[in-house]
Amino acid sequence: MTTTIVLAIISVLLSMIAYFLKSLHLDFKKMEEDMEELKVGSRLIRSETRSAHDLLAQQTRFLEQRVEHLEQVSISKDKRQRIKAAT
């Protein structure tokens, strides 16, 4: 009789342990899925940021070239005016 009760208690305890282990396993699976989703999201953000940076760098180079061109035009115009004034 007592062995039956002890076996029943052990069986219930083992069932509870199995339930909690299964729940823990499901939680770890969910956490892995969430981590993968975060990795994909961070890769996407990194790629978008890199693209935006490249675009800004390109625009900056274009504006620098434009300023240099305008400076050269202004300098040559100024030289022509000096030559006209000197003659």
Side-chain angles (χ1 to χ4, degrees):
M1 177 84 174
T2 46
T3 52
T4 307
I5 294 174
V6 170
L7 288 176
I9 291 173
I10 290 173
S11 176
V12 168
L13 289 174
L14 286 175
S15 297
M16 288 173 49
I17 291 171
Y19 171 78
F20 286 116
L21 285 176
K22 182 179 177 183
S23 175
L24 184 65
H25 179 69
L26 291 175
D27 289 345
F28 274 115
K29 275 188 171 181
K30 177 70 173 133
M31 185 179 68
E32 282 179 347
E33 291 171 2
D34 292 345
M35 289 295 292
E36 189 60 35
E37 195 174 310
L38 284 172
K39 285 179 185 177
V40 168
S42 69
R43 285 187 202 125
L44 178 64
I45 290 170
R46 189 179 314 133
S47 138
E48 288 175 351
T49 303
R50 189 172 295 141
S51 296
H53 176 268
D54 291 344
L55 181 62
L56 284 173
Q58 182 182 8
Q59 289 175 341
T60 303
R61 283 191 301 274
F62 173 74
L63 289 174
E64 287 173 348
Q65 290 173 352
R66 187 171 176 199
V67 166
E68 287 175 9
H69 175 71
L70 291 173
E71 286 174 344
Q72 290 173 356
V73 168
S74 175
I75 290 171
S76 64
K77 197 180 216 184
D78 188 44
K79 282 182 182 179
R80 278 188 256 135
Q81 287 176 354
R82 285 184 190 170
I83 292 171
K84 279 184 180 180
T87 58

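No hydrogens, no waters, no symmetry mates; every other heavy atom, side chains included, goes into these values.
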>> Taking I45's backbone N and O only, do any of them form a donor-acceptor pair with T49's side chain (distance below 3.5 Å, no angle check)?
In response: yes
Show which residues join [X] in its hydrophobic cluster (side-chain heavy-atom contacts under 4.5 Å, direct or indirect), or state none.
X: L7; result: none
X: L63; result: F62
X: L56; result: none
X: I10; result: V6, L14

Looking at residues at least two apart in the chain, or sitting in another chain, which of them share a side chain to side chain contact (heavy atoms under 4.5 Å, CB included) with [X]?
X: L21; answer: I17
X: F28; answer: L24, M31
X: Q58; answer: L55, R61

Any salt bridge (Lys or Arg N to Asp or Glu O under 4.0 Å) involving [range]? Give me the pairs, sequence neighbours left out, ordered by first then second residue.
range: residues 64-78; answer: D78-R82
range: residues 38-56; answer: none
range: residues 8-30; answer: K30-D34

> CD of Q81 to OG of S76: how many Å apart, nearest 0.5 Å?
Replying inline: 10.0 Å
> Atom CG in L70, atom CD1 in I75: separation rounded to 0.5 Å?
Replying inline: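 L70 atom CG to I75 atom CD1 measures 11.0 Å (nearest 0.5 Å).
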>> Checking H69 against V73 for the side-chain contact (heavy atoms from CB on, under 4.5 Å) test, could you report, in this order, the C-alpha distance in whole Å, the side-chain angles of both residues, the deciding distance, and whether it holds?
In response: CA-CA 6 Å; H69 175 71; V73 168; 3.7 Å; yes
